[in-house]
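Just so it is clear, the structure is predicted and the values come from calculations on it, not from any experiment. Lettering of chains follows the sequences in order, A, B, ..., and the numbering in each one begins at 1. Computed over heavy atoms, backbone and side chain alike; hydrogens, waters and symmetry mates excluded.
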2 protein chains.
Amino acid sequence: MNIGEAARASGVSAKMIRYYEETGLIAPPERSAAGYRTYGPSEIHTLTFIRSARNLGFSMEEIAELLALWRDRQRPRREVKRIVEAHIGDLEARIRALQDMTDTLRHLANACGGDDRPDCPILKRLEAPGAAPLPDAPPPSRFGAI
Amino acid sequence: MNIGEAARASGVSAKMIRYYEETGLIAPPERSAAGYRTYGPSEIHTLTFIRSARNLGFSMEEIAELLALWRDRQRPRREVKRIVEAHIGDLEARIRALQDMTDTLRHLANACGGDDRPDCPILKRLEAPGAAPLPDAPPPSRFGAI
DNA sequence: CTTGACCTTCCCATGATGGCAAGCCCCATA
DNA sequence: TATGGGGCTTGCCATCATGGGAAGGTCAAG
């Protein structure tokens, strides 16, 4: 299986497969005589695992830990659960921060007539220094979706 | 006012003030004889506006639009509201994606004993190809907080 | 005049991803 | 057999907003 087929089979782009290899998340695969990477079912399995974890918002660092546990047949599942619960904590903190922003903005938008007039409570709020920084001054999207 | 004092007064780091200038978000300020940037109350006001908007999760691009409206005394506040509501839509989509992840993970964590044994439903789920990509395969934190 | 705090510019790193370009390889079809 | 198209390789650049650090100039207090 060449990289393109592996990408289709696992749902991980060829670009990212190379990147995961480069950063050590996955081991360098065999190469064909021409230098093509070749993947077997086991590698596809690993890539699928990685993609699932990415879909659940795990960072590559967390995925490295999860992969190590996955491969360790003696793992205590306590470890897995610990990682997951820490990640849930992260996600919930992010949700809270985003929810705080949303609430504030919704409130401001409701107070704004949305017509042709220039006086706008939203702008008034933005120019006031008091706009709460929230826990830790959190920024915008930077992603396609998250 | 030098850049350090402006940073303290506005809550925007000196580093970011220079960056905002470089990218055209703010105009280059006057310089002292020695080449030091000097800021007056009006600039501080603008920086404070920017910081408030960042705290509410607006991207620099959105902030540029908001700044233009802020400065336009003839602005129709409809425009402001439109930007804010689009941003709320973004935030809500992100919250939904994060919430979906959290729900799935919470579910999996509840199904995992968290003891010494190796069989873990979390890992089992990750290796299955079905782990729903969510709307658009959304990833992790990448921020300090959001 | 020295010292320390401040300023300047320039370069690099982050995290995960996509895009592009130059060049090699493989297979099927003419 | 030749050719074309698609796939593979590496390498570099961009994203977005932010921080870190180095090398060197400036300023004010002691």
Would the distance check show the side chain of [X] and the main-chain N or O of [Y] forming a donor-acceptor pair, the cut-off being under 3.5 Å?
X	Y	result
B/Glu65	B/Glu62	no
A/Arg51	A/Ser10	yes
A/Asn2	A/Gly4	no

Atom [atom1] of [X] and atom [atom2] of [N]: how far apart are they, to the nearest Å?
X	N	atom1	atom2	value
A/Met16	C/dT17	CE	C1'	6 Å
B/Glu62	D/dC16	CD	P	12 Å
B/Tyr19	D/dG20	OH	P	17 Å
B/Met1	D/dC27	CE	P	19 Å
B/Ile63	D/dC16	CD1	P	13 Å
B/Glu22	D/dA17	CD	P	13 Å

inquiry  = Using heavy-atom distances to pick each residue's nearest nucleotide on DNA chain C, tell me which of A/Ser13 and A/Ala33 is more 5'.
reply    =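 Residue closer to the 5' terminus by nearest nucleotide: A/Ser13.
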query = Under the side chain to side chain contact (heavy atoms under 4.5 Å, CB included) criterion, do B/Tyr20 and B/Val12 qualify, and how do the steps go?
reply = CA-CA 10 Å; B/Tyr20 293 153; B/Val12 177; 3.7 Å; yes
Base-contact (B) and sugar-phosphate-only (S) positions in nucleotides 1-13 of chain C, heavy-atom cut-off under 4.0 Å, - elsewhere = -----BSBB----
Below 4.0 Å: OP1/OP2 of C/dT17 and any side-chain N or O of A/Tyr20 = yes
Test applied, side chain to side chain donor-acceptor pair (under 3.5 Å); reference residue, B/Arg37; option that passes from B/Glu43, B/Glu21, B/Glu30 = B/Glu21
ask   = Which residues pass the salt bridge (charged side-chain N to carboxylate O under 4.0 Å, His left out) test with B/Arg82, sequence neighbours left out?
value = B/Glu79
